[in-house]
Asker: 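Provided herewith is a single structure, encoded as structure tokens, for subsequent inquiry.
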There are 2 protein chains.
Amino acid sequence: MSQRNIAVTDQPGAGAGPEDCPLPEVLALIGGKWSAQVLVELGAGPRRFTQLERAIEGISRRMLTVSLRDLERNGLVTRTVHPDSPPRVEYATTPLIEDIREPLEALTAWARRAAPVITAARRTYDSHR
Amino acid sequence: MSQRNIAVTDQPGAGAGPEDCPLPEVLALIGGKWSAQVLVELGAGPRRFTQLERAIEGISRRMLTVSLRDLERNGLVTRTVHPDSPPRVEYATTPLIEDIREPLEALTAWARRAAPVITAARRTYDSHR
DNA sequence: CGGGATCCGCCCGGATACTG
DNA sequence: CAGTATCCGGGCGGATCCCG
């Protein structure tokens with residue numbers, strides 16, 4: 001997903017360009033098609049692979065795996081394997097994302113309110129052109 | 001960009017599925033590679049096309065156009081043409097995005113703080129595997 | 001100045017099949 | 001149960017050229 005190593009401010013030395021904008025980098029972290037939903041689901045508590053698969057309607061095994069690996073790589077979720085049979089793997093969020101839970105919820109709330117306006121704007125734009 | 005008409009809650013009737021998650025839809029609105037930076041730049045005040053082009057380092061004319069059209073279509077920015085010669089076009093944000101300015105800034109602030117942790121997590125993950 | 005049109009490479013993500 | 005492997009199409013975004 002974000003296998004491309006986005007900048008995330010390399011080398012603090014040398015002056016750190018003042019024009020860098022971290023926002024796109026955040027979006028690169030959770031901007032995948034499913035990452036956000038995975039995060040939301042895990043926000044409610046630890047979940048197993050199959051639980052997530054069933055909770056997130058429409059996601060494929062592959063994309064769930066990819067998304068989880070990506071989030072894990074960036075330190076946003078943890079993966080713990082319980083040595084059981086059948087295998088049992090649990091995913092959970094890390095404290096890292098605690099601080100963005102609120103902004104993310106604010107965005108979600110905004111989406112609900114703005115939805116009709118956006119839909120209308122689109123219809124206007126599309127009909128005009 | 002988000003030419004694909006994402007759901008944005010169609011038909012309020014019929015019960016509106018309780019499982020729908022608006023977060024991915026927001027990200028579809030501003031999750032493009034440049035949209036967020038355009039929004040940030042316009043947040044500082046109205047800007048002309050060339051101003052944006054110079055402010056957002058690395059963007060091409062094409063992508064700036066595409067991003068602006070997309071934002072305009074979704075009602076997030078306005079485009080006003082001043083009948084001058086040479087042509088003069090100004091872009092500005094709409095009141096719609098007022099409400100997400102704060103969450104967006106929170107995300108940005110988070111990005112700055114979390115950057116080193118994320119970088120470290122990545123190195124650990126990559127070296128292990 | 002502020003675009004539009006076209007071509008194209010690449011990577012995201014879907015479908016399917018196989019595995020410890 | 002929890003993945004991995006492979007194939008593949010579509011679209012996102014870069015480069016380049018042209019236009020009013």
Side-chain angles (χ1 to χ4, degrees), chain A residues 1-7 24-25 27-38 41-42 46-74 77-92 125 128-129, chain B residues 1-6 24-25 27-38 41-42 46-74 77-92 125 129:
Chain A
M1 205 89 62
S2 53
Q3 290 302 59
R4 36 167 175 176
N5 288 18
I6 26 168
E25 302 169 7
L27 296 177
L29 291 178
I30 61 172
K33 186 172 182 181
W34 304 101
S35 303
Q37 293 180 71
V38 171
E41 190 61 26
L42 286 181
R47 293 283 187 274
R48 301 180 54 177
F49 187 88
T50 310
Q51 279 184 302
L52 290 171
E53 190 183 359
R54 276 178 302 214
I56 305 174
E57 190 175 4
I59 197 171
S60 65
R61 274 180 182 76
R62 177 177 129 76
M63 284 319 292
L64 180 54
T65 303
V66 171
S67 301
L68 285 169
R69 288 291 174 280
D70 189 48
L71 293 170
E72 185 194 358
R73 184 174 109 97
N74 291 312
V77 312
T78 59
R79 186 184 110 110
T80 47
V81 182
H82 298 83
D84 298 3
S85 175
R88 181 198 160 99
V89 182
E90 275 207 343
Y91 293 91
Y125 185 93
H128 160 21
R129 185 85 310 242
Chain B
M1 201 91 60
S2 51
Q3 291 301 60
R4 37 166 173 180
N5 288 17
I6 26 166
E25 300 169 9
L27 296 176
L29 291 177
I30 62 173
K33 187 171 183 183
W34 304 102
S35 303
Q37 293 180 72
V38 172
E41 190 62 26
L42 287 181
R47 294 282 188 273
R48 302 182 53 178
F49 187 88
T50 311
Q51 280 183 301
L52 290 172
E53 189 182 359
R54 276 179 302 214
I56 305 176
E57 191 176 4
I59 198 172
S60 65
R61 273 180 181 75
R62 175 177 130 78
M63 284 319 292
L64 181 52
T65 303
V66 171
S67 301
L68 285 169
R69 287 293 173 279
D70 189 49
L71 293 170
E72 185 194 359
R73 184 174 109 98
N74 290 313
V77 313
T78 59
R79 185 184 110 108
T80 48
V81 182
H82 298 84
D84 298 3
S85 174
R88 181 198 162 98
V89 181
E90 275 206 343
Y91 294 90
Y125 186 93
R129 186 90 302 247

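Only a predicted model underlies this, so the values are computations on that prediction, with no experimental measurement involved. Numbered from 1 within each chain, the chains take letters A, B, ... in sequence-line order.
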Asker: Let me know the distance between CZ of B:Phe49 and P of C:dG2, rounded to the nearest Å.
Answerer: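 About 8 Å, once rounded to whole Å.
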Asker: With a cut-off of less than 4.0 Å, is there a side-chain N or O of A:Arg69 near OP1 or OP2 of D:dT4?
Answerer: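 Answer yes for this pair, as a side-chain N or O of A:Arg69 is under 4.0 Å from OP1 or OP2.
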Asker: For A:Arg88 and D:dG3, what is the distance between atoms CZ and P respectively, to the nearest whole Å?
Answerer: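 In whole Å, D:dG3 P and A:Arg88 CZ are 13 Å from each other.
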Asker: Compare the minimum distances between each of D:dG14, D:dT4, C:dG14 and the side chain of A:Thr65, then state the nucleotide with the smallest one.
Answerer: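 Closest of the options to the side chain of A:Thr65: D:dT4.
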Asker: State, yes or no, whether a side-chain contact exists between B:Leu71 and B:Leu42 at a heavy-atom distance under 4.5 Å.
Answerer: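 Of all side-chain heavy-atom pairs linking B:Leu42 with B:Leu71, none is under 4.5 Å.
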Asker: Would you find a donor on one side and an acceptor on the other, under 3.5 Å apart, between the side chain of B:Ser35 and the backbone of B:Gly31?
Answerer: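 It does not hold such a pair.
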Asker: Report yes if at least one side-chain N or O of B:Ser60 is closer than 4.0 Å to OP1 or OP2 of D:dA15; otherwise report no.
Answerer: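 Indeed not, no polar side-chain atom of B:Ser60 lies that close.
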Asker: Can you tell me the distance, in whole Å, between the CG atom of B:Leu52 and the C1' atom of C:dG2?
Answerer: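 From B:Leu52 CG to C:dG2 C1': 12 Å.
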Asker: Below the 4.0 Å mark, does D:dG3 have OP1 or OP2 next to a side-chain nitrogen or oxygen of A:Tyr91?
Answerer: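 Answer is yes, contact under 4.0 Å.
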Asker: Indicate yes or no: at least one non-hydrogen side-chain atom of B:Gln51 is less than 4.5 angstrom from one of B:Tyr91.
Answerer: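 Side-chain contact under 4.5 Å: no.
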Asker: Between C:dC18 atom C1' and A:Arg61 atom CZ, what is the distance in whole Å?
Answerer: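 Rounded to the whole Å, the gap is 12 Å.
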Asker: Below 4.5 Å, heavy atoms only, C-beta onward: do B:Arg47 and B:Glu41 meet side chain to side chain?
Answerer: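 Yes, close enough: below the 4.5 Å cut-off.
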Asker: Would the base of C:dG4 count as contacting B:Arg62 through its side chain, where contact means a donor and an acceptor less than 3.5 Å apart?
Answerer: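 Under the 3.5 Å cut-off, the side chain and the base do not form any donor-acceptor pair.
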Asker: Give the rounded distance in Å between these two atoms: CG of B:Asp84 and C1' of C:dC1.
Answerer: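 In whole Å, C:dC1 C1' lies 11 Å from B:Asp84 CG.
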Asker: So, is A:Thr50 near the phosphate of D:dA2, with a side-chain N or O under 4.0 Å from OP1 or OP2?
Answerer: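 Yes, within the criterion.
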Asker: Taking for each residue the nucleotide of DNA chain D with the nearest heavy atom, is it B:Gly58 or A:Arg48 whose nucleotide lies nearer the 5' end?
Answerer: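 Here A:Arg48 is the residue nearer the 5' end.
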Asker: Nearest-Å distance, CD (A:Glu53) to C1' (C:dA15)?
Answerer: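 The distance from CD of A:Glu53 to C1' of C:dA15 comes to 14 Å, rounded to the nearest Å.
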Asker: Ignoring hydrogens and geometry, is there a side-chain-to-backbone donor-acceptor pair from A:Thr65 to A:Arg61 under 3.5 Å?
Answerer: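 Between the backbone of A:Arg61 and the side chain of A:Thr65 there is a qualifying donor-acceptor contact (under 3.5 Å).
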Asker: Could you tell me how far apart B:Ile59 (CD1) and D:dG14 (P) are, to the nearest whole angstrom?
Answerer: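 Rounded to whole Å, this separation is 8 Å.
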Asker: When the distance from CE of A:Met63 to P of D:dT4 is rounded to whole Å, what number comes out?
Answerer: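 In whole Å, D:dT4 P lies 13 Å from A:Met63 CE.
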